[in-house]
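Please read all numbers here as calculations on a predicted model, not as lab measurements.
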Amino acid sequence: MADKTVMDMFADMAKQINLPKIDYEAFVDIHRKNIEAMQKSAAVLSEGGRAILTKQQEILAEVGREARQLIADFKPGGSAQEVAAKQAELAKRVFEATVRNTRDIAELVQKSSSEAPKIILDRMRESFAEARAAVESKKA
């Protein structure tokens, strides 16, 4: 009994209770793929964050240009109705730009936040199937 290692004792016990044999190389490969999926998911999130930041910078630059142009073009004159009409047009243009920019940012956020979890979920499904196959291949 003194000649047996702890691993030998566990192997004997596994034989006695008829545990399935496991393909350990397959499990190492499964975990490698899991790590790769996590890295890919993180990269997608990072790319999404960069795209959002870039879009926000573009929006700020555009808003600055438009604001300068609107201020230069806005020369209130004429009747009160004409001034009110110019102010209404200005407000409309600002509102439309805000809606357009908000929509663009929302689309970028939605794309990056849905793609990253999908990578992980797909890998989990594959991982379970691969693990089942690794255990079943040693049963035969």
- So among Glu126, Glu130, Gln39, Arg123, which one has a side chain to side chain donor-acceptor pair (under 3.5 Å) with Asn34? Arg123

- So, are Lys86 and Glu82 salt-bridged, with charged N and O less than 4.0 Å apart? no

- Query: Rounded to the nearest 0.5 Å, how far apart are CG of Asn101 and CD of Glu58?
  - Reply: 9.5 Å

- Kindly work out whether a path of hydrophobic side-chain contacts (I/L/V/M/F/W/Y, heavy atoms less than 4.5 Å apart) joins Ile30 to Ile120. no

- Evaluate the side-chain contact (heavy atoms from CB on, under 4.5 Å) criterion for residues Val94 and Thr98: first the C-alpha distance (whole Å), next the side-chain angles of each, then the deciding distance (0.1 Å), finally the verdict. CA-CA 6 Å; Val94 169; Thr98 301; 4.2 Å; yes

- Could Asp104 and Arg100 be called an ion pair, given the rule that one side-chain N must be under 4.0 Å from one carboxylate O? no

- When you measure from the side chain of Ser113 to the backbone N and O of Val109, does any donor-acceptor pair fall under 3.5 Å? yes

- For side-chain contact (heavy atoms from CB on, under 4.5 Å), just list the numbers for Leu60 and Gln56, CA-CA rounded to whole Å, side-chain angles, deciding distance to a tenth of an Å, and then say yes or no. CA-CA 6 Å; Leu60 285 174; Gln56 287 175 331; 5.6 Å; no

- Would you please test Arg50 and Thr54 for side chain to side chain donor-acceptor pair (under 3.5 Å) and show each step? CA-CA 6 Å; Arg50 279 193 296 275; Thr54 299; over 6 Å; no

- Query: Does a salt bridge link Lys40 with Glu47, judged by any charged N lying under 4.0 Å from a carboxylate O?
  - Reply: no

- Can you tell me how far CD of Gln110 sits from CD of Glu115, rounded to the nearest 0.5 angstrom? 10.0 Å

- Is it the case that more than 12 heavy atoms not belonging to Glu96 sit under 6.0 Å from its CD atom? yes

- Message: Check for me, please, whether Val63 and Ile105 land in the same ILVMFWY cluster - side-chain distances under 4.5 Å, paths through other members count.
- Response: yes

- Message: When you group the ILVMFWY residues by side-chain heavy-atom contacts below 4.5 Å and let the links chain together, are Ile52 and Ile59 in the same group?
- Response: yes

